[in-house]
Visitor: 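I'd like to ask you about the structure that follows.
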Amino acid sequence: MTDLPPDLPGYGALRPYRPAGVTRGPRMTKLLADLDAAISACDLRDGATVSFHHHLRNGDAVLNMVMAALARRGLKDLHVAASSLFPVHAPLVEHIRNGTVSRISAAFISGPVGEAISTGVLPLPAVLMTHGGRARALDAGDIVIDAAFVAAPVADEMGNVSGSMGATACGTLGYPMTDVAVARRTVAITDTLVPYPAPAIDIPQGQVDHVVQVPRIGDPSGIASGTTRPAEDPVSLAIADSAARTIAASGLLNDGFSFQTGAGGASLATAAAVGRQMASAGVTGSFCSGGITGFHVEMLRAGLFRGLLDVQCFDLEAVRSYRDDPRHQAMSAATYAAPHIGGAVVDRVDAVVLGAAEVDLEFNVNVTTRAGGVLIGGSGGHADTAAGAQLSIVTTRLTAAGFAKIVPQVGTLTTPGPTIDVVVTEAGLAVNPARTELAERLHSAGLRLRPIEDLAREAATAARQPVPPRAGGRVVAISEYRDGSVTDLVRQIGTD
């Protein structure tokens, strides 16, 4: 070896290579014997933060299996930082009651866990984030994950994970992609262990610390929870037609048009109507984004859009499309909706069609609680897409279950009114007063425009209970906006 000087200008001190003996033993593996071994390897203590993800939606079994193992360890005061919680996660309620869990944060909470939080079971207020806000909080260190447990449809012994293969294939892994980048430890839990290297890698081995094989990570039939086909009833079709005409009249429906809808029947009926307009006008869109359904896949195959940007598959047809079609691409939750990365996908969306539990006179939207105050969801990507899109449309009926849906003031403010442009109902459209040019375009196109106050009066007249009941107990949940500011507080029910 050439004699080395002690240092070089512009490089600094030089550390000479020193030959050492080479010992070649068995190849490294990250595979552990069982879930208990993984928990030990993560060195979890009381008060730790553990994260979970909802790519298997209401078919997920990983959260319940991990929480049961943590409870057997006697751990207390854990923070469950889930991307979303569904009815299948009902066993979490008992872990709250016995002190295993004292904190929950999520972008969406439904089913028994939401009902239990509403009654005050959780000792500390749950924190409800947007999908983009959760990604921002993780990157900023506002949430520090001690261990991320990832449901892995396929994995190899070094931790390469695929969502598109295996018996429990779920498609894209957009939510865990964000967590594994910052978690102190990541555990891939799989029911399909394959030889190294795994095919179609979504999460690479460098972001996974441990691998555990279990009999079953969940039921993929639970992915398609909720409506994933267009509605066909006359009222929904009329609302969808008005929303599609709104998009056409806005001037946005040109080549390169980008679009997002929810997975509800009315939203997909709107997408179908927009698709017919695009086909008639010869318009080819750039992309559909968000959670993707088989209906969006049909639009891609029909040539209406050039690509799909998918944070989470909503049904098994979307799972198959992601596996087979390179135009159907995955994106992380941060890429999808985070406000801090200098341009998320939501900022490239031309028009988004959203639902609502309630809308008020200031165009504020509630998708967090139902009348009476019970927790039924949360923002998810609602507030993110409303803020980013060029045109944000909310479709809703005037009433549901006997309650008015256009109200003087929403029970919980999820998505701020300044980010909502149009509210479409069966009785006409209300345009945000700040969008005067849009109102003129829609009026010129022959759409029926009405002040939102008129829609509220009509909703109150049609409702069995014009003024929805509101909860008034202690604070049980905090609704955060995508930047971490607080939009509202959710209060305990049953205290009046």
Side-chain angles (χ1 to χ4, degrees), residues 230-231 235-254 257-278 283 285 287-291 295-296 299 337 346-367 379-398 405-406 410 414-452 455:
V235 174
S236 294
L237 291 177
I239 293 173
D241 179 69
S242 294
R245 291 175 62 199
T246 297
I247 293 171
S250 71
L252 294 169
L253 200 61
N254 303 307
F257 173 68
S258 54
F259 192 35
Q260 180 165 337
T261 70
S267 293
L268 294 180
T270 302
V274 170
R276 290 191 293 271
Q277 291 179 338
M278 293 173 67
V283 169
F287 67 89
C288 284
S289 65
F295 182 75
H296 298 101
M299 297 179 79
V346 295
D347 301 317
R348 302 284 299 190
V349 171
D350 286 319
V352 63
V353 179
L354 302 164
E358 295 177 320
V359 183
D360 70 20
L361 302 182
E362 301 297 322
F363 287 77
N364 299 311
V365 180
N366 170 20
V367 290
S379 173
H382 198 287
D384 295 312
T385 51
Q390 294 294 306
L391 176 65
S392 301
I393 299 172
V394 169
T395 59
T396 181
R397 297 184 184 223
L398 292 179
K405 297 190 71 178
I406 312 295
V410 292
T414 312
T415 300
T419 65
I420 301 299
D421 300 307
V422 185
V423 176
V424 181
T425 75
E426 69 270 35
L429 288 70
V431 179
N432 192 314
R435 297 298 306 273
T436 54
E437 181 182 350
L438 176 62
E440 291 170 2
R441 282 178 172 269
L442 302 187
H443 177 74
S444 297
L447 286 155
R448 185 187 183 195
L449 306 188
R450 302 183 65 188
I452 198 164
L455 296 179

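None of the values given here were measured: they were computed from a predicted structure. Along the sequence shown, residues carry numbers from 1.
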Visitor: Mind checking whether L442 and V422 have side chains closer than 4.5 Å, heavy atoms only?
Guide: yes
Visitor: Extract all donor-acceptor atom pairs below 3.5 Å that involve side chains of residues 240-248 and protein atoms in other chains or at least two apart in sequence.
Guide:
| unit_1 | atom_1 | unit_2 | atom_2 | d |
| --- | --- | --- | --- | --- |
| S242 | OG | A238 | O | 3.3 |
| R245 | NH2 | A445 | O | 3.4 |
| T246 | OG1 | S242 | O | 2.8 |

Visitor: What I'd like to find out is whether the side chain of F363 reaches to under 4.5 Å of the side chain of P416, using heavy atoms alone.
Guide: no
Visitor: Got T414 and V365 here, is their nearest side-chain heavy-atom distance under 4.5 Å?
Guide: no
Visitor: So does E426 have more than 12 non-hydrogen atoms from other groups sitting under 6.0 Å from CD?
Guide: yes
Visitor: Are R397 and V235 side-chain neighbours, meaning at least one heavy-atom pair lies under 4.5 Å?
Guide: yes
Visitor: Over all heavy atoms of both residues, which pair between N432 and P418 is shortest? Give the atoms and the distance, please.
Guide: ND2-CA, 4.2 Å
Visitor: Whether the side chain of H382 engages the backbone of G355 through a donor-acceptor N/O pair (distance < 3.5 Å, no angle test) should be reported.
Guide: yes
Visitor: Specify the closest pair of heavy atoms between L449 and A439, including all atoms of both residues, with the distance to one decimal.
Guide: CD1-O, 3.3 Å
Visitor: Return yes if some donor-acceptor pair links the side-chain N/O of K405 with the main-chain N/O of A356 below 3.5 Å, else return no.
Guide: yes
Visitor: Going by side chain to side chain contact (heavy atoms under 4.5 Å, CB included), name the residues that satisfy it together with P451, two or more places apart in sequence or in a different chain.
Guide: E453, D454
Visitor: Check the pair V274 / M278 against side chain to side chain contact (heavy atoms under 4.5 Å, CB included), numbers first and verdict last.
Guide: CA-CA 6 Å; V274 170; M278 293 173 67; 3.9 Å; yes
Visitor: Do I420 and T415 come close enough that some side-chain heavy atom pair is under 4.5 Å?
Guide: yes
Visitor: What is the minimum heavy-atom distance between L237 and A269, and which atoms define it?
Guide: CD2-CB, 4.3 Å
Visitor: Restricting to non-hydrogen atoms, name the atom on L361 and the atom on I452 that form the minimum distance, rounded to 0.1 Å.
Guide: O-CG2, 3.6 Å
Visitor: Drop me the distance from R441's CZ to L252's CG, to the nearest 0.5 angstrom.
Guide: 8.0 Å
Visitor: Where the side chain of S392 meets the backbone of A386, is there a donor-acceptor pair that is under 3.5 Å apart?
Guide: yes
Visitor: Okay, side chain of T261, backbone of V353: is any donor-acceptor separation there less than 3.5 Å?
Guide: no
Visitor: Does T385 form a side-chain hydrogen bond (donor to acceptor under 3.5 Å, both in side chains) with Q260? I'd like the steps, not just the answer.
Guide: CA-CA 8 Å; T385 51; Q260 180 165 337; 4.7 Å; no
Visitor: Is a donor on one side and an acceptor on the other found under 3.5 Å between the side chain of D421 and the backbone of I393?
Guide: no
Visitor: How close do F259 and A351 get, counting heavy atoms only, and between which atoms?
Guide: CD1-O, 3.2 Å
Visitor: Using 0.5 Å steps for rounding, measure from the CG atom of D350 to the OG atom of S258.
Guide: 3.5 Å
Visitor: Do you know the tightest heavy-atom contact between L455 and A430?
Guide: CD1-CB, 3.8 Å
Visitor: Run S250 and L438 through side chain to side chain contact (heavy atoms under 4.5 Å, CB included) and show every step you take.
Guide: CA-CA 6 Å; S250 71; L438 176 62; 4.1 Å; yes
Visitor: Under the side chain to side chain contact (heavy atoms under 4.5 Å, CB included) rule, what do S289 and V349 come out as? Steps first, then yes or no, please.
Guide: CA-CA 8 Å; S289 65; V349 171; 3.6 Å; yes
Visitor: So how far is it from H443 NE2 to E440 CD, rounded to the nearest 0.5 Å?
Guide: 9.5 Å
Visitor: Which residues pass the side chain to side chain donor-acceptor pair (under 3.5 Å) test with R450, not counting sequence neighbours?
Guide: E458
Visitor: Between F287 and R348, is any pair of side-chain heavy atoms under 4.5 Å apart?
Guide: yes
Visitor: Measure the shortest side-chain to side-chain distance between V283 and Q277 over non-hydrogen atoms and say whether it is less than 4.5 angstrom.
Guide: no
Visitor: Donor-acceptor check, side chain of D347 to backbone of G388, threshold 3.5 angstrom: yes or no?
Guide: no
Visitor: Does any N or O in the side chain of T270 come within less than 3.5 Å of the main-chain N or O of A266, such that one atom is a donor and the other an acceptor?
Guide: yes
Visitor: Any side-chain heavy atom of T396 within less than 4.5 Å of one from V423?
Guide: yes
Visitor: Indicate yes or no for a side-chain donor-acceptor contact from N364 to the backbone of G417 under 3.5 Å, with no hydrogens or angles considered.
Guide: yes
